[in-house]
Amino acid sequence: MLLLPVIISGCTSPPERLIPPKAPPAVKIQDGFEIPVFSSAMSQLNYARSGFTDKREKKAAFRAVLDLFPRDIMECGHASIGLAYLHLEPDYRFASPKTIRRAAVDFNSVLDRFAGQPDVVVKAHWYLGWIYTELMGAPEKGLVHFWRIVREFPDAPVSQSPPVPWVNLVSPPKQHQDRKHPQRPEKLWAEVALLEIIRNTPDHPRAALAFDHLSERFPAGAATGFALKFMLADPGLANHALPRVAPYLSQYTENPYLIRDIRMLAQKASP
């Protein structure tokens with residue numbers, strides 16, 4: 001029998017394939033800060049929206065979105081909204097009159113620069129309505145922006161993340177949702193804008209008009225309940241609200257505390 005020669009090698013297994021080290025992630029030096037560069041404008045924007053301990057670094061992160069992705073108009077619009085709101089951070093309740101004015105100027109600039117982006121424009125109107133009514137004490141200016149939301153953006157949905165820290169609606173998430181028949185978004189900008197109009201207008205006939213619009217379009221909405229509560233507590237508006245109490249309570253069941261308050265106020269306001 002022919003024996004084949006055996007070649008003895010010092011290596012009993014093939015050498016492992018060499019894996020080159022990963023290149024460090026790209027960064028952009030923005031206003032003296034190293035900002036990671038992402039592959040898309042949305043990822044870059046999400047990074048800018050994340051938590052920062054340094055307000056200047058957060059500003060640089062938003063500006064990086066504008067510099068890196070100038071053609072992604074919607075993301076640039078949302079980054080500009082973030083930059084405008086930075087004037088009011090870390091706590092808008094302690095913002096100085098000067099920084100409040102700067103925020104208003106920047107939000108008005110957003111309206112001009114991103115007029116073709118409804119999702120951006122409606123949010124800028126909301127911020128301006130809030131700034132004028134709540135922070136500047138100029139409701140006549142704020143109401144203009146809330147009415148523009150109602151008339152120009154009647155079906156614009158509120159995004160999943162809280163739009164602003166002062167939206168005072170309690171709307172628990174749905175426990176069960178029929179996936180075969182998707183529902184409309186739980187909140188529309190027009191819905192909460194009408195509530196702010198009712199809360200801030202000194203003109204009772206206009207408040208009643210806004211309430212009629214709100215209750216007719218959103219008969220079982222949380223905003224309608226809060227509007228009912230507000231109107232029932234106002235002697236000049238209670239009589240207008242009383243006929244809507246029973247129809248509303250027959251449909252709305254989500255917030256037992258709101259239901260309780262409406263019933264109590266309706267009982268007090270009833271002749």
Side-chain angles (χ1 to χ4, degrees), residues 30-31 41-42 44-50 52 55-67 69-70 72-169 187-197 199-201 210:
Q30 183 80 50
D31 301 335
M42 178 55 70
Q44 199 74 44
L45 178 62
N46 287 338
Y47 173 77
R49 286 170 165 171
S50 61
F52 288 86
K55 182 177 176 178
R56 297 170 303 166
E57 185 177 4
K58 191 175 185 70
K59 181 178 180 180
F62 277 124
R63 292 186 62 185
V65 177
L66 304 178
D67 289 352
F69 301 94
D72 292 274
I73 305 300
M74 186 170 68
E75 285 76 12
C76 286
H78 287 299
S80 297
I81 285 178
L83 284 168
Y85 188 75
L86 276 177
H87 291 297
L88 306 177
E89 288 191 347
D91 190 332
Y92 66 88
R93 294 172 298 177
F94 303 104
S96 68
K98 183 177 180 180
T99 56
I100 292 172
R101 287 193 299 271
R102 286 179 177 175
V105 168
D106 282 3
F107 279 118
N108 275 300
S109 178
V110 169
L111 292 179
D112 295 335
R113 292 169 55 200
F114 301 96
Q117 298 295 322
D119 186 56
V120 175
V121 172
V122 70
K123 289 180 181 178
H125 278 304
W126 177 270
Y127 276 102
L128 283 166
W130 167 69
I131 286 172
Y132 286 128
T133 56
E134 299 291 339
L135 302 187
M136 287 188 173
E140 68 283 356
K141 291 185 177 181
L143 291 169
V144 171
H145 292 281
F146 289 135
W147 274 117
R148 288 194 65 179
I149 291 173
V150 173
R151 292 165 179 160
E152 298 175 23
F153 307 94
D155 300 311
V158 175
S159 59
Q160 291 298 320
S161 58
V164 280
W166 59 93
V167 173
N168 57 353
L169 296 182
K187 296 179 189 175
L188 300 182
W189 283 111
E191 187 176 1
V192 290
L194 283 165
L195 174 59
E196 293 306 308
I197 291 169
R199 288 181 60 247
N200 289 285
T201 181

Engineer: Can you name the closest pair of heavy atoms from Ala190 and Pro154 and give their distance?
Structural biologist: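 Minimum heavy-atom separation between Ala190 and Pro154: CB-O, 3.7 Å.
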
Engineer: Working to the nearest 0.5 Å, report the span between NZ of Lys55 and NE2 of His87.
Structural biologist: 8.0 Å

Engineer: Is the closest side-chain heavy-atom distance between Asp72 and Leu45 below 4.5 Å?
Structural biologist: no

Engineer: Could you tell me whether Glu89 and Lys59 make a salt bridge, using a distance below 4.0 angstrom between a side-chain N and a carboxylate O?
Structural biologist: no

Engineer: Heavy atoms only: give me the nearest Phe52-Ala61 pair and the separation to one decimal.
Structural biologist: CZ-CB, 3.8 Å

Engineer: Evaluate the side-chain proximity of Glu134 to Asn200: yes if any heavy-atom separation is below 4.5 Å, no if none is.
Structural biologist: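 Sidechains of Glu134 and Asn200: in contact.
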
Engineer: Could you grab the distance from atom CZ of Arg148 to atom CG of Leu128, nearest 0.5 Å is fine?
Structural biologist: 10.0 Å

Engineer: So if I apply the side chain to side chain contact (heavy atoms under 4.5 Å, CB included) rule between His125 and each of Phe107, Trp147, Phe153, Phe146, which one comes out positive?
Structural biologist: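 Only one option passes, and that is Phe153.
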
Engineer: Any Lys/Arg nitrogen of Lys187 or Glu191 sitting under 4.0 Å from an Asp/Glu carboxylate oxygen of the other?
Structural biologist: no

Engineer: Show the nearest heavy-atom pair for residues Ala104 and Met136, with the distance to one decimal.
Structural biologist: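 Closest heavy-atom pair between Ala104 and Met136: CB-CE, 3.9 Å.
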
Engineer: Ala193 and Ile149: which non-hydrogen atoms are nearest, and at how many Å?
Structural biologist: CB-CG2, 3.9 Å

Engineer: Under a 4.5 Å cut-off applied to non-hydrogen side-chain atoms, are Trp126 and Val192 in contact?
Structural biologist: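 They are in contact (side-chain heavy atoms under 4.5 Å apart), so the answer is yes.
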
Engineer: Give me the one residue out of Val158, Asp155, Val150 that meets side chain to side chain contact (heavy atoms under 4.5 Å, CB included) with Trp189.
Structural biologist: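 Checked Val158, Asp155, Val150 against Trp189; only one passes side chain to side chain contact (heavy atoms under 4.5 Å, CB included): Val158.
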
Engineer: Looking at Gln30 and Ala60, what are the two nearest heavy atoms and their distance?
Structural biologist: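 In this case the closest contact between Gln30 and Ala60 is CG-O, 3.2 Å.
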
Engineer: Ser80 side chain to Cys76 main-chain N or O, any donor-acceptor pair under 3.5 Å?
Structural biologist: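 Here the side-chain-to-backbone pair exists.
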
Engineer: Could you tell me whether a side-chain N or O of Lys141 sits under 3.5 Å from a main-chain N or O of Thr133, the two making a donor and an acceptor?
Structural biologist: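 Side chain of Lys141 to backbone of Thr133: no pair is present.
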
Engineer: Can you measure from CG (Asp106) to CZ (Arg101) and round to the nearest 0.5 angstrom?
Structural biologist: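 So the gap between those two atoms works out to 13.5 Å.
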
Engineer: Quick one: CG on Asp119 to CD1 on Ile81, what's the gap to the nearest 0.5 Å?
Structural biologist: 7.5 Å

Engineer: Do you know which two heavy atoms are closest between Val110 and Ala124, and how far apart they sit?
Structural biologist: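 Shortest heavy-atom contact: CG1-CB, 3.9 Å.
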
Engineer: In Å and rounded to the nearest 0.5 Å, what is the CD to CD distance from Glu75 to Gln117?
Structural biologist: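 Glu75 atom CD to Gln117 atom CD measures 8.5 Å (nearest 0.5 Å).
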
Engineer: Between Asp31 and Arg63, is there a side-chain N and carboxylate O pair less than 4.0 Å apart?
Structural biologist: yes

Engineer: What's the separation between atom CD in Glu196 and atom CH2 in Trp130, rounded to the nearest 0.5 Å?
Structural biologist: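 Separation between the atoms: 11.0 Å.
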
Engineer: Can you list the steps and then say if Arg49 with Phe62 is a side chain to side chain contact (heavy atoms under 4.5 Å, CB included)?
Structural biologist: CA-CA 8 Å; Arg49 286 170 165 171; Phe62 277 124; 4.2 Å; yes

